[in-house]
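Numbering of ligands and ligand atoms starts at 1, following listing order.
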Amino acid sequence: MSDAPEIATSSLAGRLSCFRIDGMVALITGGASGIGFATASLFAEAGASVFILDRDAAAAERAATEIGGGTRARTLDVADEAAIVRVFSRIDAEAGGIDILVNNAGTAIRRPAVEQTIEEWNQVLAVNMTGAFLAARTAARHMLARRRAGAIVSTASIMGLSGGGLYPNISYQSTKGAVINMTRALAVEWAKHGIRVNAVAPTYVRTQFIAPLLAQPELVAAIERMTPLGRMAEPEEVAAAILFLASPAAGMITGHTLPVDGGFLAQ
Ligand code: NAD
C-alpha cells in the first residue's frame with residue numbers, strides 16, 4: 001500500500017494549505033488575456049512561480065508586469081512544435097523543473113460546417129487539439145525526466161460535451177471534444193508517474209474570445225435564459241476551478257472534465 005497523501009495526515013490548517021501551490025512552477029498558455037490571465041494572477045497569489053506563454057508578446061509582457069511577484073512572460077505559439085520544445089526546455093532549466101501546465105490557448109472560426117474550409121479546419125485543430133497535445137507531451141517529458149509528479153489542466157468547453165450552442169462551430173466543438181478524451185487517455189497513461197491530467201469545460205465566459213457575441217444584447221440574453229444560474233461565467237470563476245484541479249487538494253482526481261457552466265449541461 002502506498003503512503004497516505006499529505007492531505008489525509010496533516011492538521012486542518014495543513015489540509016487547507018493543500019489548495020495552495022507554493023513554490024510550484026506553472027506554465028499557462030494563452031495566459032495574457034481572459035481565463036489564462038485570471039488563472040495566472042490567481043496562481044501567483046496561491047504561491048506559484050508563473051510563466052505566461054502567449055503568442056501575443058506585448059500582451060504577455062503587460063500581463064506579467066501587472067501580476068508582478070516574479071511572474072514571467074514568454075512568447076509562444078502553441079501551433080509551433082519546435083517553439084514549444086525550445087521554450088519549455090529553457091523554462092525547465094531556468095526554474096528547475098515544471099510542476100503545472102495549464103493548456104489554455106484556444107481559437108475558433110465560427111461558420112456553418114458546409115462552409116468551413118480545410119485551411120480553417122486545420123488552423124483550429126493546430127491550436128486547440130495538436131497544440132494542447134504537444135504542450136502536454138512536452139511538459140510531461142520534463143516531469144518524467146526529473147521524476148517529478150505534476151498536474152496538467154486543459155481549458156476545454158461545454159462545446160466539447162454538447163453539439164448545441166448559439167451558432168455553428170464545428171471545428172471548435174470537434175477539438176474541444178478531442179481535448180476531453182485526450183485528458184482521459186493521458187491521465188491513464190501517466191497516472192503511474194504521478195502526473196494528473198484534468199480539464200475544465202466553461203460555458204460562455206466574458207472575455208475578448210466572444211467579443212462579437214457580447215456586442216449583441218439579444219444573444220447575451222439568450223445565453224442567460226439557457227443557463228440555470230441565469231448568467232454567463234466570469235474568467236475568475238474558471239480560474240478557481242483550474243486552481244483546484246492543479247492543486248494538491250485534487251490529488252485523487254485525474255482524467256476528468258469539470259464543467260464550469262452554471263448548470264448548462266445538467267439540463
Ligand atoms: P482570450 O481571447 O481572452 O484569451 C486567449 C489567449 O490565448 C490570448 O491571449 C491569445 O493571444 C492566446 N492565444 C491564442 N492562440 C494562441 C496560440 N496559438 N498560442 C499561444 N497563445 C494563443 O480568450 P479566453 O476566453 O480566455 O479563452 C481561453 C480558453 O478558454 C480557450 O481555449 C477557449 O477555447 C476557452 N473557452 C472560452 C470560452 C469563452 O466563452 N470565452 C468558453 C469556453 C472555453
Side-chain angles (χ1 to χ4, degrees), residues 27-42 51-64 66 73-84 87-88 101-110 122-136 138 153-162 164-167 169 171-180 182-183 199-215 219-220 223-224 226-227 231-239 241-242 257-262 264-265:
L27 280 52
I28 303 174
T29 69
S33 164
I35 295 167
F37 176 76
T39 304
S41 41
L42 186 63
F51 287 83
I52 289 176
L53 313 179
D54 204 289
R55 71 174 171 193
D56 185 337
E61 283 297 343
R62 274 197 307 275
E66 189 179 332
R74 298 288 182 271
T75 309
L76 177 71
D77 181 344
V78 299
D80 181 344
E81 180 184 12
I84 292 178
V87 169
F88 282 34
L101 167 69
V102 181
N103 240 337
N104 169 76
T107 193
I109 301 174
R110 301 160 182 133
N122 284 337
Q123 206 179 315
V124 176
L125 261 67
V127 177
N128 293 5
M129 189 176 80
T130 311
F133 166 67
L134 291 172
T138 310
V153 183
S154 300
T155 311
S157 167
I158 54 169
M159 292 308 150
L161 291 161
S162 156
L166 288 175
Y167 34 64
N169 208 354
S171 48
Y172 187 78
Q173 287 168 313
S174 303
T175 55
K176 293 300 186 180
V179 165
I180 288 166
M182 183 163 70
T183 296
V200 292
T203 181
Y204 299 88
V205 188
R206 282 185 193 281
T207 71
Q208 66 183 15
F209 196 70
I210 54 166
L213 186 161
L214 293 173
L219 290 186
V220 173
I223 293 167
E224 289 168 352
M226 288 157 71
T227 309
R231 61 181 180 83
M232 301 172 72
E234 300 300 328
E236 293 77 11
E237 296 178 299
V238 183
I242 294 174
T257 296
L258 175 60
V260 183
D261 70 345
F264 186 95
L265 294 167

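Contact residues for ligand 1 (protein heavy atom closer than 4.0 angstrom to any ligand atom): Gly30, Ala32, Ser33, Gly34, Ile35, Asp54, Arg55, Asp56, Leu76, Asp77, Val78, Asn104, Ala105, Gly106, Val127, Thr155, Ala156, Ser157, Tyr172, Lys176, Pro202, Thr203, Tyr204, Val205, Thr207, Gln208, Phe209, Ile210.
For the 3.5 Å distance criterion, the side chains of Ser33 and Gln208 qualify, holding a donor opposite an acceptor. With hydrogens and angles left out, the side-chain atoms of Thr175 and Asn128 include a donor and acceptor closer than 3.5 Å.
Taking both residues in full, the closest heavy atoms of Thr207 and Ile35 are given as CG2-N, 4.1 Å, listed atom of the first, atom of the second, then distance. Across all non-hydrogen atoms, the minimal contact from Val179 to Ala156 is CG1-CB, 4.2 Å.
Figure legend: Arg231 and Phe264 shown without cation-pi pairing, the cationic atom not lying both under 6.0 angstrom from the six-membered ring centre and within 45 degrees of its axis.
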Note to self: Determine whether Arg55 and Asp80 satisfy the following criterion, side chain to side chain contact (heavy atoms under 4.5 Å, CB included), listing intermediate values before the conclusion.
What the structure shows: CA-CA 10 Å; Arg55 71 174 171 193; Asp80 181 344; over 6 Å; no

